[in-house]
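Working notes, structure below.
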Amino acid sequence: MIASSFYVLALVASALWFTAALRYFGFQQFAAAKVMVAKSQRHSPVFPTMAAGIRFLGGMNGSLALLCWVLIVIVLLGADLFTDPLERVVILVALTAAHFSQFAPNVPIHRNGGRQADDSLWDVVTGPMNFIYVMDAAQMILAFAAAVVIVLC
């Protein structure tokens with residue numbers, strides 16, 4: 001029961017997080033680009049290109065959200081799909097990797113203090129990117145912990 005609850009908790013948390021990322025990066029790409037690009041650099045013709053490119057993050061997160069929502073529906077319907085503990089571990093390890101892939105690139109930026117004096121990079125130390133950084137780490141830990149609980153139970 002605990003393992004199943006942890007599995008569902010990790011799926012719901014991931015579904016909500018990936019859905020929020022779909023909304024932010026997919027539909028508010030200029031707002032997201034403003035967080036990532038210093039004010040002094042937003043006049044550049046590259047800025048709208050970056051904003052358009054950010055929509056790919058929305059698409060990637062949207063597909064991960066859909067996967068999580070479908071898995072939640074499968075659990076709620078009691079369907080005989082992905083009920084084997086090892087299958088659930090595989091799903092959770094894949095979600096851990098997805099969250100890790102969004103967390104890890106920000107680690108060196110965070111270690112170096114975020115935005116640099118020349119306005120390069122983005123500020124991971126404060127503001128919205130810090131929230132995203134912390135939440136990606138939390139989601140990664142939750143999905144991995146759920147996988148460990150399933151293995152140990």
Side-chain angles (χ1 to χ4, degrees), residues 1-37 46-115 121-153:
M1 181 66 177
I2 290 173
S4 182
S5 297
F6 236 106
Y7 173 69
V8 172
L9 174 65
L11 287 179
V12 169
S14 287
L16 292 171
W17 183 242
F18 289 136
T19 300
L22 163 65
R23 180 181 168 275
Y24 186 61
F25 294 113
F27 298 101
Q28 295 180 289
Q29 68 273 18
F30 281 97
K34 285 180 181 177
V35 169
M36 298 176 80
V37 176
V46 177
F47 179 74
T49 303
M50 176 152 180
I54 284 175
R55 294 186 83 184
F56 285 103
L57 287 173
M60 178 190 65
N61 281 285
S63 62
L64 291 166
L66 177 63
L67 172 65
C68 292
W69 289 117
V70 167
L71 291 169
I72 291 165
V73 168
I74 288 170
V75 169
L76 292 175
L77 294 176
D80 194 25
L81 290 169
F82 307 110
T83 56
D84 183 271
L86 288 179
E87 293 171 336
R88 290 182 170 189
V89 167
V90 168
I91 290 166
L92 291 166
V93 167
L95 289 176
T96 300
H99 292 299
F100 176 79
S101 74
Q102 295 183 36
F103 166 76
N106 284 314
V107 171
I109 296 169
H110 191 272
R111 277 196 191 143
N112 291 331
R115 183 161 279 137
L121 305 176
W122 46 87
D123 189 3
V124 181
V125 179
T126 62
M129 285 305 293
N130 182 260
F131 177 72
I132 291 169
Y133 175 74
V134 169
M135 284 301 294
D136 282 331
Q139 293 285 341
M140 176 185 65
I141 291 165
L142 176 59
F144 184 74
V148 169
V149 167
I150 290 172
V151 167
L152 294 178
C153 287

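The residues of the chain are indexed from 1 along the displayed sequence. Everything numeric here is computed off the predicted structure, so don't read it as measured data.
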Nearest 0.5 Å, what's the [atom1]-[atom2] distance between [X] and [Y]?
{"X": "Leu86", "Y": "Ile91", "atom1": "CG", "atom2": "CD1", "result": "11.5 Å"}
{"X": "Asn130", "Y": "His110", "atom1": "CG", "atom2": "NE2", "result": "5.5 Å"}
{"X": "Ile2", "Y": "Ile150", "atom1": "CD1", "atom2": "CD1", "result": "12.0 Å"}
{"X": "Arg111", "Y": "Asn106", "atom1": "CZ", "atom2": "CG", "result": "12.5 Å"}
{"X": "Ile141", "Y": "Asp136", "atom1": "CD1", "atom2": "CG", "result": "11.0 Å"}
{"X": "Ile74", "Y": "Leu11", "atom1": "CD1", "atom2": "CG", "result": "9.5 Å"}

Could you walk me through whether Glu87 and Leu81 pass the side-chain contact (heavy atoms from CB on, under 4.5 Å) test, one step at a time? CA-CA 9 Å; Glu87 293 171 336; Leu81 290 169; over 6 Å; no
So for atom [atom1], which belongs to [X], do other residues, nucleotides or ligands contribute more than 12 heavy atoms lying within a distance under 6.0 Å?
{"X": "Phe30", "atom1": "CZ", "value": "yes"}
{"X": "Leu152", "atom1": "CG", "value": "yes"}
{"X": "Asp84", "atom1": "CG", "value": "yes"}
{"X": "Phe144", "atom1": "CZ", "value": "no"}

Trp17-Asn61 side chain donor-acceptor pair, cut-off 3.5 Å: no
Please walk me through it: do Trp69 and Leu16 pass side-chain contact (heavy atoms from CB on, under 4.5 Å)? CA-CA 9 Å; Trp69 289 117; Leu16 292 171; 3.9 Å; yes
Begin from the C-alpha positions of Met129 and Ile109 and carry the test side-chain contact (heavy atoms from CB on, under 4.5 Å) through to its verdict. CA-CA 11 Å; Met129 285 305 293; Ile109 296 169; over 6 Å; no
Note, [X] side chain near [Y] side chain (heavy atom, < 4.5 Å):
{"X": "Thr19", "Y": "Tyr24", "value": "no"}
{"X": "Leu64", "Y": "Ser14", "value": "no"}
{"X": "Val107", "Y": "Tyr133", "value": "yes"}
{"X": "Met60", "Y": "Gln102", "value": "yes"}

Between Phe18 and His99, how do the two ring planes meet: parallel, tilted or perpendicular, split at 30° and 60°?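 The arrangement is parallel - the two ring planes meet at less than 30°.
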For [X] against [Y], the heavy-atom pair lying closest together:
{"X": "Tyr7", "Y": "Ala146", "value": "N-CB, 4.4 Å"}
{"X": "Ala33", "Y": "Phe47", "value": "CB-CE1, 3.6 Å"}
{"X": "Ala143", "Y": "Leu92", "value": "O-CB, 3.7 Å"}
{"X": "Arg88", "Y": "Thr83", "value": "NE-CA, 4.0 Å"}
{"X": "Met50", "Y": "Val37", "value": "SD-CG2, 3.6 Å"}
{"X": "Val149", "Y": "Ala3", "value": "CG1-CA, 3.9 Å"}

